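Owing to the predicted nature of the structure, the values given are computational and were not obtained by experimental measurement.
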Amino acid sequence: QVQLAESGGGLVQAGGSLRLSCAASGRTFSSYAMGWFRQAPGKEREFVGGISWSGISTYYADSVKGRFTISRDNAKSTVYLQINSLKPEDTAVYYCASNRFKVVTTSLADFSSWGQGTQVTVSS
């Protein structure tokens, strides 16, 4: 099992940027793909993006494509989510998750471990 801890959330004005981090411990971090999800109040948790075990492949939800960038540093057991051009509709709790597989998948059922989440609030 892997333990995940997100950080970097906060309150930011529309158009601003944030960089979220997710530090992992426990299971071999570099062996598995990672994903980012978000959940807004009253809504279901949704896939934001994912990165393969090597970091070579990434995949993003259409709603964030071009604004969000996922990267990982396997030496530091950390995955990042760079968020640019923030919009009020990006307001949510953001979660990182460890995939059961090496490749990027988008289904919640494919992710075995979750962090506690970090709040991102975008003001207009």
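- Sorted by first and then second residue, the pairs that involve residues 49-66 and meet salt bridge (charged side-chain N to carboxylate O under 4.0 Å, His left out), not counting sequence neighbours, are Asp62-Lys65.
- Grouping the Ile, Leu, Val, Met, Phe, Trp and Tyr side chains by contacts below 4.5 angstrom, directly or via other members, places Tyr59 with Leu108.
- Residues Val93 and Ile83 are members of separate hydrophobic clusters, defined by side-chain heavy-atom contacts under 4.5 angstrom among Ile, Leu, Val, Met, Phe, Trp and Tyr.
- Sorted by first and then second residue, the pairs that involve residues 8-23 and meet side chain to side chain donor-acceptor pair (under 3.5 Å), not counting sequence neighbours, are Ser17-Asn84.
- Ser98 contributes atom OG, which lies 11.5 Å from atom CG of Asp110 (distance to the nearest 0.5 angstrom).
- The main-chain N or O of Cys96 is found under 3.5 Å from a side-chain atom of Glu6 such that the two form a donor-acceptor pair.
- Note on Val48 and Val12: same hydrophobic cluster, where clusters join Ile, Leu, Val, Met, Phe, Trp and Tyr whose side-chain heavy atoms are under 4.5 Å apart, directly or indirectly.
- Applying the ring-ring contact (aromatic ring centres under 6.0 Å, His included) test to Tyr32 and every residue at least two apart in sequence or in another chain returns nothing.
- With sequence neighbours left out, the salt bridge (charged side-chain N to carboxylate O under 4.0 Å, His left out) criterion links Asp90 to Arg38, Arg67.
- A side chain to side chain contact (heavy atoms under 4.5 Å, CB included) with Met34 holds for exactly one of Asn99, Leu4, Val104, Val2; it is Leu4.
- If you take CZ on Phe29 and SG on Cys22, they are separated by 7.0 Å, rounding to the nearest 0.5 Å.
- What you find for Tyr60 and Ile70 is that their closest heavy atoms are OH-N, 2.7 Å.
- Not one N or O on the side chain of Gln116 forms a donor-acceptor pair closer than 3.5 Å with the backbone of Ala5.
- The hydrophobic clustering, which links ILVMFWY residues whose side-chain heavy atoms are closer than 4.5 Å, places Leu20 and Val64 together.
- You'll find the side chain of Asn74 reaches within 4.5 Å of the side chain of Arg72, heavy atoms only.
- The shortest distance between side-chain heavy atoms of Tyr80 and Asp73 falls below 4.5 Å.
- With rounding to the nearest 0.5 angstrom, the OG atom of Ser112 is 5.0 Å from the CZ atom of Arg100.
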Side-chain donor-acceptor distances from residues 117-124 under 3.5 Å, at least two apart:
{"residue": "Thr118", "atom": "OG1", "partner": "Gly9", "partner atom": "N", "Å": "3.1"}
{"residue": "Gln119", "atom": "NE2", "partner": "Ala92", "partner atom": "O", "Å": "3.4"}
{"residue": "Gln119", "atom": "NE2", "partner": "Thr121", "partner atom": "OG1", "Å": "3.3"}

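- A distance-only check finds no donor-acceptor pair linking the side chain of Lys102 to the backbone of Ser52 [under 3.5 Å].
- Sorted by first and then second residue, the pairs that involve residues 34-57 and meet ring pair (Phe, Tyr, Trp, His ring centres under 6.0 Å), not counting sequence neighbours, are Phe37-Phe47, Phe37-Phe111, Phe37-Trp114.
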